[in-house]
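Below, chains carry the letters A, B, ... as their sequence lines are ordered, and counting in each starts from 1. What you are looking at is a predicted structure, and each value in this text was computed from that prediction instead of being measured.
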Amino acid sequence: MVYINELANHVDQQAELKGWVYNTRSSKKLIFLVIRDGTGLCQCIVNKDDVSDEVWEKASELTQESSVSITGNVTADERSVGGHELHVSDISVFQVADGYPITPKEHGIEFLMENRHLWLRSRRQWAIMRVRNEIIFSLHEFFQNKGFIQMDAPVFTGNAAEGTTTLFSTEYFEDQAYLTQSGQLYGEAMAMAHGKIYTFGPTFRAEKSKTRRHLTEFWMIEPEMAFYDLDMNMELAEEMLAYVVQRVLKNCSEELDILERNKEVLEKVQAPFPRLTYTEAIELLNSDKTRQMLDEMEASRKSEQEKLLEEKEKLEKEYGQAKKGRKVQIDKRLREINMRTDDIEEDLRNIPHWREKALNIKWGEDFGGSDETILTMHFDRPIMVHGYPAEVKAFYMKRDAQDEKVALGVDVLAPEGYGEIVGGGQREDDPDILRKRIQEHDLPEDAFRWYMDLRKFGSVPHSGFGLGLERAVCWICGIKHVREAIPFPRMMGRLYP
RNA sequence: UCCUCCGUAGCUCAAUGGCAGAGCACUCGGCUGUUAACCGAGUGGUUGUUGGUUCGAAUCCAACCGGGGGAGCCA
């Protein structure tokens, strides 16, 4: 048995492929079977003159997603998907599939989500999962090569640690337990044992968010380092992101092509990233530069909309007299136009609100989604915003020695509107200040006994951050929604399949 | 919780108060290399649910159910 991605080593030889029928086409004496085996696609040609009646009969009965073993001679052929073809001599059928729901045409998101278990077989989803795999693998490699130890934080926790977000609760024998929203506090304990550690695991948030950036269950990589200050933390974050992106470019070129990802944008992801303080970010949002950029954006959307509507009118006039083939083309183009104009209309509704919010945002307020998008639009690579108002950040964040109102936190914002993919900072290491913060936030001191011990026995300056895996996958793949960045997404109203 | 858009054949959509339609999928037939192949024919409907307005409702109104996008919150 040979895998499709190894066919280059078997040109002009007999090979047996095992896989599933991705698509079929036929004429009187030829049947084209596109086979997928998990490693790629390969077109197999059955020629009636070259095979037995029995094999021809089997080939003509095959339907989409039927499982087969196919034997034949491998040839190199530029015309074909993947560059190779199999000239079939024998077929054995595991199962003829009946009525596979995901046809090679367009489908709506509700239908696809209901069939997520099958959707994963489609080409784009296949490519996304391969990129996700490369991201995970390169993250492990990055940290392992730097001497980080991977350790695991618990999923069950006994308290609503940070007191901010809404957690899922569950029964834990006679007690109540929560599903973890972050491994960070445990990461700090582990860093005091090993120096540099990272955790990689699922986290859970019961927030009722229905947006393209939110899941209720998602994966985070959280490094935590003893003796790192905020600057060292930021250097590590940008080095990590640059490493991962360059690895994906190197090893997932075909996948990025399938996803039609603009690689030039990714090639620019090299350290150092632009750094700006929260104060500078606020000034940028308030600036004329931002106003101008949004005005230009609005104008260009309007002219694009006009052009599309003109084209639509023309196509609709043509439709009546068009032949069938042309009608299909027109239908397809009209659907594209409708989708794009819907997006434009939404932008046009939103831009005035964005402008309003950005121009009027004041020091002390947290960024909204639109503010993050606007900030990143000014740059061509991810940016690092640091020095947030302490008020909007978590209790454990260390304050700036120069300015009590400022917390030593950093967010990395991805370009093209993908928003916050990394959040972190330097942790408070002074036991007295930390105890005061816990009290100020009305948190249960008893639950933090172990956390306070970390400041009692050899406290050191330390820092860390969390990378949201699905958001990173989204950004690197250039896809619209985190639900496509994880095999089985969990979000509001979605627990099946 | 709030704002906004949507729900028509298995799937994607059209029908803008007047006979519910097309493409794909499926079945049958045609085609000697197809690339979401193509060409011809056939099968396929309680227009999300309930109520209202009207001579007449997929279309207008109300409530509910389901979904998309967004706000808040966040990675």
Side-chain angles (χ1 to χ4, degrees), chain A residues 22-34 41 43 45-49 63-64 77 79-82 85 87 98-115 122-123 162 164-166 181-182 184 203-222 316 319 323-325 327-332 334-335 338-339 342-343 345-347 349-350 353-354 357 366-370 372 392 394 411-414 418-424 465-475 480-483 485 491-494:
Chain A
Y22 191 72
N23 198 9
T24 68
R25 292 179 281 269
S26 65
S27 61
K28 197 170 188 178
K29 287 187 174 174
L30 291 168
I31 297 174
F32 300 94
L33 300 168
V34 178
L41 296 178
Q43 174 161 276
I45 294 103
V46 188
N47 189 325
K48 199 172 184 182
D49 296 335
T63 54
Q64 202 191 344
D77 194 322
R79 292 173 297 183
S80 212
V81 197
E85 290 189 333
H87 291 267
D98 185 24
Y100 186 71
I102 304 180
T103 60
K105 293 285 172 184
E106 292 172 56
H107 299 281
I109 193 63
E110 190 183 353
F111 177 79
L112 290 170
M113 288 302 290
E114 203 64 18
N115 289 285
S122 300
R123 204 147 180 247
E162 300 178 29
T164 51
T165 45
T166 331
Q181 57 160 334
S182 157
Q184 183 212 308
T203 50
F204 308 87
R205 308 264 167 102
E207 292 150 1
K208 294 188 175 176
S209 297
K210 280 173 62 176
T211 84
R212 65 184 72 186
R213 298 188 307 279
H214 288 86
L215 295 166
T216 54
E217 177 184 317
F218 64 97
W219 288 68
M220 266 210 293
I221 300 254
E222 294 178 280
E316 277 168 351
Y319 195 84
K323 289 190 178 162
K324 197 180 151 194
K327 277 187 178 169
V328 172
Q329 278 183 342
I330 293 176
D331 276 337
K332 187 182 165 191
L334 284 176
R335 270 198 297 277
N338 283 339
M339 272 169 64
D342 280 356
D343 284 352
E345 273 167 34
E346 197 179 325
D347 280 356
R349 270 199 303 275
N350 285 330
H353 299 294
W354 293 355
K357 271 185 79 176
D366 209 352
F367 300 134
S370 62
E372 289 180 353
V392 302
D411 285 350
V412 180
L413 307 180
Y418 284 98
E420 186 181 345
I421 52 171
V422 166
F465 59 84
L467 168 73
L469 179 67
E470 286 74 17
R471 284 193 183 173
V473 172
C474 261
W475 162 53
K480 276 192 175 165
H481 202 300
V482 282
R483 70 184 154 218
M491 35 194 197
M492 246 183 99
R494 173 61 58 190

Novice: Looking only at side-chain N and O atoms, does R483(A) come under 4.0 Å of OP1 or OP2 in G69(B)?
Specialist: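 So the side chain of R483(A) is within the cut-off, an N or O lying under 4.0 Å from OP1 or OP2 of G69(B).
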
Novice: If you find the nucleotide of RNA chain B closest to F218(A) and the one closest to G99(A), which residue's nucleotide is nearer the 5' end?
Specialist: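 Result: G99(A).
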
Novice: Establish whether the base of C73(B) is bridged to the side chain of S209(A) by a donor-acceptor pair shorter than 3.5 Å.
Specialist: yes

Novice: Rounded to whole angstrom, note down the P distance from G69(B) over to C31(B).
Specialist: 47 Å

Novice: Find the distance E217(A):CD to A75(B):P and express it as a whole number of Å.
Specialist: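 The answer, rounded to whole Å, is 17 Å.
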
Novice: Considering Watson-Crick and G-U wobble pairs with both distances under 3.5 Å, what does G69(B) pair with?
Specialist: C3(B)

Novice: Roughly, in whole Å, what's the span from NE2 in H107(A) to P in C13(B)?
Specialist: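 Distance check: H107(A) NE2 to C13(B) P gives 11 Å.
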
Novice: Between N350(A) and Q43(A), which is nearer to the 5' end of RNA chain B once each is assigned its nearest nucleotide?
Specialist: Q43(A)

Novice: Give me the distance, rounded to whole Å, that separates C55(B) from U12(B) when you measure between the C1' atoms they each carry.
Specialist: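 Here C55(B) and U12(B) have their C1' atoms 36 Å from each other.
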
Novice: G33(B), G67(B), C24(B): which one has an atom nearest the side-chain heavy atoms of T103(A)?
Specialist: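 Per side-chain heavy atoms of T103(A), the pick is C24(B).
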
Novice: Report the distance from atom CD1 of I31(A) to atom P of U32(B), rounded to the nearest whole Å.
Specialist: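 Rounded to whole Å, this separation is 14 Å.
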
Novice: Would you say CG of D98(A) has more than 12 non-hydrogen atoms from neighbouring residues, nucleotides or ligands within 6.0 angstrom?
Specialist: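 12 or below, so no.
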
Novice: Side-chain N or O of K210(A) less than 4.0 angstrom from OP1 or OP2 on U4(B)?
Specialist: no

Novice: Suppose you measure atom P in G10(B) against the same atom in C6(B); what distance do you get, rounded to whole Å?
Specialist: 23 Å

Novice: Can you tell which of U1(B), A71(B), G67(B) lies closest to the side chain of R213(A)?
Specialist: A71(B)

Novice: Check the distance between A37(B)'s C1' and I45(A)'s CD1 and give it to me in whole angstrom.
Specialist: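 Interatomic distance, CD1 of I45(A) to C1' of A37(B): 14 Å.
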
Novice: Indicate, yes or no, whether a donor-acceptor pair under 3.5 Å links the base of C31(B) to the side chain of R25(A).
Specialist: no

Novice: Checking all strands, does L215(A) fall into the base, sugar-phosphate, or nothing category for heavy-atom contacts under 4.0 angstrom?
Specialist: base

Novice: Any idea which of A75(B), U12(B), G66(B) is nearest the F111(A) side chain?
Specialist: U12(B)

Novice: Given C31(B), is OP1 or OP2 found less than 4.0 Å from the side-chain N or O atoms of K28(A)?
Specialist: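 Yes.
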
Novice: Can you tell me whether the side chain of H214(A) and the base of C74(B) have a donor-acceptor pair closer than 3.5 Å?
Specialist: yes

Novice: Taking atom types as modelled and ignoring hydrogens, do the side chains of T103(A) and Q64(A) form a donor-acceptor contact shorter than 3.5 angstrom?
Specialist: no

Novice: Give the minimum heavy-atom separation between S182(A) and Q184(A), together with the two atoms involved.
Specialist: OG-N, 3.0 Å

Novice: Please state the P separation for the pair G45(B) and G29(B) - nearest whole angstrom.
Specialist: 24 Å

Novice: Between P on U4(B) and CZ on R212(A), what's the gap in Å once rounded to a whole number?
Specialist: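 Roughly 19 Å, once rounded to whole Å.
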
Novice: Between C61(B) and G18(B), how far apart are the P atoms? Round to whole Å, please.
Specialist: 15 Å

Novice: Please state the P separation for the pair A14(B) and G48(B) - nearest whole angstrom.
Specialist: 14 Å

Novice: Just how far, in rounded Å, is C1' of C31(B) from NZ of K29(A)?
Specialist: 12 Å

Novice: Which atom pair, heavy atoms only, marks the closest approach of S209(A) to H214(A)?
Specialist: CB-CG, 3.5 Å

Novice: For C13(B) versus U32(B), give the span between their C1' atoms, rounded off to a whole number of Å.
Specialist: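 Their C1' atoms lie roughly 35 Å apart.
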
Novice: Using the C1' atom as the reference point in each nucleotide, state the distance between G23(B) and C65(B) in Å, no decimals.
Specialist: 30 Å

Novice: Does E85(A) make a side-chain donor-acceptor contact with the base of G33(B), cut-off 3.5 Å?
Specialist: yes

Novice: Which nucleotide wins on minimum distance to the side chain of F32(A), given the candidates U32(B), U34(B), U12(B)?
Specialist: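 Of all the options, the side chain of F32(A) is nearest to U34(B).
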
Novice: Within the pair H481(A) and G69(B), is there a side-chain N or O less than 4.0 Å away from OP1 or OP2?
Specialist: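 Answer yes for this pair, as a side-chain N or O of H481(A) is under 4.0 Å from OP1 or OP2.
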
Novice: Calculate the interatomic distance between E207(A) atom CD and G70(B) atom C1'; express it in whole Å.
Specialist: 15 Å

Novice: Whole Å only: how far is the CD atom of E420(A) from the C1' atom of C73(B)?
Specialist: 11 Å

